[in-house]
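To start, the structure under review is shown below, and the notes come after it.
Each chain gets a letter, A, B and so on, in the order the sequences are listed, and its residues count up from 1.
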Amino acid sequence: MIEMLSYEFMQRAFFAGILIAILASVSGTFVVLKRYSMISETLAHSALVGVAVALVAGYNPLWVAVIVSVLSAWLIEYLRSAFALYSDAILAILLSGSLAVAVIIVSVGGEFNNSLFAYLFGSILSVSGEDIVTIFIFGFIALFLLLVFSKEFYFIAYDEEVAKTSGLRVKLLNYLLVTIVAIIVALSIRIIGTLLIGALMVIPTVAALQYRVGFLRTSLLSLTFAVISVIVGMTLSFYFSLPSGATIVLCVLSVFVLSLFINKK
Amino acid sequence: MSIAFKSPIFDVKNLNFSVGGQDILAHISLEIFHGEYIAIIGPNGGGKTTLIRLLLGLEKPTNGTIKIFGKDLKHFKEWNKIGFVPQRAAQVDQNFPATALDIVKMGRTSKRKIFSSETKEDIQAVDDAMAKMDISNLKDKMVGTLSGGQRQRVMIARALASNPEILILDEPNTGVDIVSQQNFYKLLSKLNKEENITIVFITHDIGVIADDIVRLFTINQKAIVCNDPKAALSCEDMSELYGISAHLVHNHKHEHSS
């Protein structure tokens, strides 16, 4: 463990990974309770469009991923409120649409295929110093907003209409939540990868829900599961040269299966 | 009980609501005053819930005006003066991670300022609301494990936590047993008489509460306001409303409509 942490790239990976585990699990609690789990998958594919554009244009992929992902989140919320469309259908349409756009961009600039692979599945080797600064700044803003508005997000997740009749600005708060989720998803793609970030947002909360405890305890359990999975996953990834995102997801899946059997009725 | 009230809480004038050219509600004009205890009855699909949704700003009327506490609904901001208990109150998601206390605390959310933590006033209001509903002993119980009647009380405690002036309940008894229903009506009557909270609720079992209510709104696309509920219960309007021969029995033990 000490040997592993003597490498600078591993220190960066652990810092980014733990921060992302906290962010993904805290935001994931609200997303799961709102029955909006698939939004993380859709936003991750939108972030991939940002990565593809950045690789072709020579910009920092993380920044462009954040911008495209946030724009996509706003589009989802707009479509959900302005048209009579099913929420899951909107997510499916944007997911496929984003992937199609990303594939076209990548196929035009074919030499980027290798670096794109790291964004799809995550790589602990890929976190640069600049990425750390970006993750730190955006991550702390996102965490701050999540904590400040947690009681509002919880109420809306429980019953959106009653929350609205109590005077909460539900529409604005919904936009805020998807914006925060979009930022977190985009920040996560270095470590976890586009195709796997949804798992880190959803599975820790679903595992925590099996214990049937109040909101605060559920959130803390979810956070603990996510952080442990990231630490164990990245350690295994380092020693066995495994892709970090996939290893983290298998760890969190193990926690989920264990929780399911421990709490079997 | 006399109806000597000042300015209305709700002032509805010539309200129309139609979907796809079909009228759901037409020419509704009514007023709800401070301290009243009002029941809304009518057949399924008659527009009772739609009326409540319009009053709460959840639907936009096709025509007409709604004033709340003297202000046009569009400009009304003091929503925490209104407590709302929706139709599905007793049917909560079994897996939702919430204790009874978590749910009641939600009632204070819109009163709390951004960045401020829970105040003594918040804690007191939550405790009081739970005590009024006689659920203080259920604080740490998960809502999924509570009975229908207990959940119903939790939902009303949440609505009471913001110290509302009016409580609006949409068929709150769905999925609740008869004994709990009767206790529930006693509680509503107590809130109205002792706390001076205006109560408006949609119900099917009008016979049970007929002795307490002040006015009755019967809704079937149009509204008929009966200022004397006891007279209304035997009036011909009931037959007209339901489209069949209908009368209600004034009896606490045998509430019934046929």
Is it the side chain or the backbone of [X] that comes within 4.5 Å of chain A heavy atoms, both, or neither?
X	answer
B:Arg53	side chain
B:Leu101	neither
B:Met106	both

If only side-chain N and O atoms count, and only distance matters, is there a donor-acceptor pair under 3.5 Å linking [Y] with [X]?
X	Y	result
B:Asp122	B:Thr119	yes
A:Tyr36	A:Arg80	yes
B:Thr62	B:Asn16	no

Inset, instruction - May I ask you to decide whether B:Lys105 forms a salt bridge with B:Glu118, counting only side-chain N to carboxylate O separations under 4.0 Å? - result: yes
Legend entry - Salt-bridge criterion met for B:Glu121 and B:Lys111 (N-O under 4.0 Å):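 A salt bridge is absent here (no side-chain N lies under 4.0 Å from a carboxylate O).
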Inset, instruction - Can you check whether anything in residues 159-168 of chain B gets within less than 4.5 Å of chain A, heavy-atom wise, and list it by number? - result: none
Legend entry - Stacked cation flag B:Lys67 on B:Phe10, 6.0 angstrom / 45 deg: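 The answer is no; the distance or angle limit is not met.
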Legend entry - Neighbours of chain B found in residues 201-213 of chain A - heavy atoms under 4.5 Å: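 Within residues 201-213 of chain A, the residues that come under 4.5 Å of chain B (heavy atoms only) are A:Leu209, A:Arg212, A:Val213.
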Inset, instruction - Among the options B:Ile82, B:Ile103, B:Asp140, pick out the one with the most heavy-atom pairs lying under 4.5 Å from chain A. - result: B:Ile103
Side chains of [X] and [Y] in contact at under 4.5 Å (non-hydrogen atoms):
X	Y	result
A:Val26	A:Leu223	yes
B:Asp134	B:Arg153	yes
B:Tyr37	B:Leu188	yes
B:Phe76	B:Asp72	no

Legend entry - Exam field: side chain B:Asn80 to backbone A:Ser166, donor-acceptor pair closer than 3.5 Å: no
Legend entry - Pick from A:Glu152, A:Arg169, A:Arg217 with the largest number of heavy-atom pairs that fall under 4.5 Å of chain B: A:Glu152
